[in-house]
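Input: a single structure, listed below in structure tokens.
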Amino acid sequence: MAAPRSFLWTRRVFLTLLTGFVLLPVYVMVSSSLKPLADVSGKFQWIPSGLTLTPYRDIWKTVPLADYFVNSLVVAGSATVCSVAIAIFAAYAVSRYSFRGKRTFTVTVLSTQMFPGILFLLPLFLIYVNIGNATGIALFGSRGGLILTYMTFSLPFSIWMLIGYFDSVPRDLDEAAKVDGCGALGALFRVIVPAAVPGIVAVAVYAFMTAWGEVLFASVMTNDTTRTLAVGLQGYATQNDVYWNQVMAASLVVSVPVVAGFLLLQRYLVTGLTAGAVK
């Protein structure tokens, strides 16, 4: 049965308005990044009077953006790999085995998401400083400390999400793998992990995006040499002026990895987010 004509037109109008609402900030960012600073600081013009690529060249000179980019890539990538690796083993154990405290463990893992991140800022700061004073291991102000911090936030949700996805994988695959001579780890890596690629990709995207755009802990747990992009963008604001055109240009540049990765992995991400919802 065909939809009423009024419904089709209402949907078109709604989707058009929604698209304009989403694309309007993007247009402002792009147009502002192509304007001289004097034009951006003055009255906003929807149609730029003059375009220039100078802001995209100056963003690398005003602040050490390349160093911040490397720091963010190393920290976010390492936190993602570690979170996914640990979550796979933990989720597989919870999904396939029965042990004392299993329900308590899963509830505890999920309940950690109820607490705001700022609640852990001061305790983590004190822990890192005390560990550094006692052992000489520099966690505060280092990439390693920031990686460990981001893992504490992405790991619980990653475990919980993979548990639901592994539960949707038939247990007959495990039995077939064991009949063929595989042990528990063999069944995990040869059968379960290949079947759970969409869910693993979804967890990896979540962990990476969480670490890539985090500001609060990065502003406290880093120094001038380990600063990430989310904090480094503040360097375009000086005591005398704010380089808004460079801020917009840098924001677009640092968004490229996340947007490109999301577009490339969109098919896996949607499948991973929905496949574990039903059994």
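Positions are given from 1, in the same order as the sequence printed here. All values below were derived from every heavy atom in this structure, side-chain atoms included, with hydrogens, water molecules and symmetry-related copies excluded.
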Got a donor-acceptor contact below 3.5 angstrom from the [X] side chain to the [Y] backbone?
X    : Y    : result
T226 : N223 : yes
T135 : G132 : no
T106 : R103 : yes
S78  : V75  : no
K35  : N245 : no
K102 : Y97  : yes
Q246 : M248 : no
T80  : F208 : yes

What's the shortest heavy-atom distance between [X] and [Y], and which atoms?
X    : Y    : value
L162 : A91  : CB-CB, 3.5 Å
T108 : S111 : O-OG, 2.8 Å
I159 : A90  : CD1-CB, 3.9 Å
Y150 : A79  : CB-CB, 4.0 Å
S33  : L252 : OG-CD1, 3.7 Å
T149 : G145 : OG1-O, 2.8 Å

Do [X] and [Y] pair up side chain to side chain, a donor and an acceptor below 3.5 Å, judged on atom types alone?
X    : Y    : answer
N71  : R227 : no
S158 : Y206 : no
S154 : S83  : yes
S142 : Y128 : no

Check the hydrophobic clustering (I, L, V, M, F, W, Y; side-chain heavy atoms under 4.5 Å; chains of links allowed) and say if [X] and [Y] are grouped together.
X    : Y    : result
V191 : L185 : yes
V215 : L121 : no
V193 : W160 : yes
L8   : L18  : no
V81  : Y92  : no

(Q) Determine whether the aromatic ring centres of residues F89 and F189 are separated by less than 6.0 angstrom. (A) yes
(Q) Checking side chain to side chain contact (heavy atoms under 4.5 Å, CB included) between Y68 and each of L229, V254, L233, which is the one that passes? (A) L229
How many angstroms lie between [atom1] in [X] and [atom2] in [Y], if you round to the nearest 0.5 Å?
X    : Y    : atom1 : atom2 : result
L37  : Y243 : CG    : OH    : 7.5 Å
L24  : T19  : CG    : OG1   : 12.0 Å
R96  : I192 : CZ    : CD1   : 4.5 Å
Y236 : I59  : OH    : CD1   : 5.0 Å
R190 : L173 : CZ    : CG    : 15.0 Å
T210 : L155 : OG1   : CG    : 12.0 Å

Within a radius of less than 6.0 Å around [atom1] of [X], do more than 12 heavy atoms belonging to other residues, nucleotides or ligands occur?
X    : atom1 : result
L17  : CG    : yes
M29  : CE    : yes
R100 : CZ    : no
R171 : CZ    : yes
F21  : CZ    : no

Within-4.5 Å side-chain heavy-atom neighbours: [X] and [Y]:
X    : Y    : answer
T228 : V231 : yes
W212 : M209 : no
V26  : V22  : no
L139 : I137 : yes
V40  : P36  : no

Q: Could you walk me through whether F153 and F217 pass the ring pair (Phe, Tyr, Trp, His ring centres under 6.0 Å) test, one step at a time?
A: CA-CA 11 Å; F153 295 109; F217 286 86; 5.0 Å; yes
**Q.** Stepwise side chain to side chain contact (heavy atoms under 4.5 Å, CB included) test for F99 and V94
**A.** CA-CA 8 Å; F99 53 88; V94 174; 4.1 Å; yes
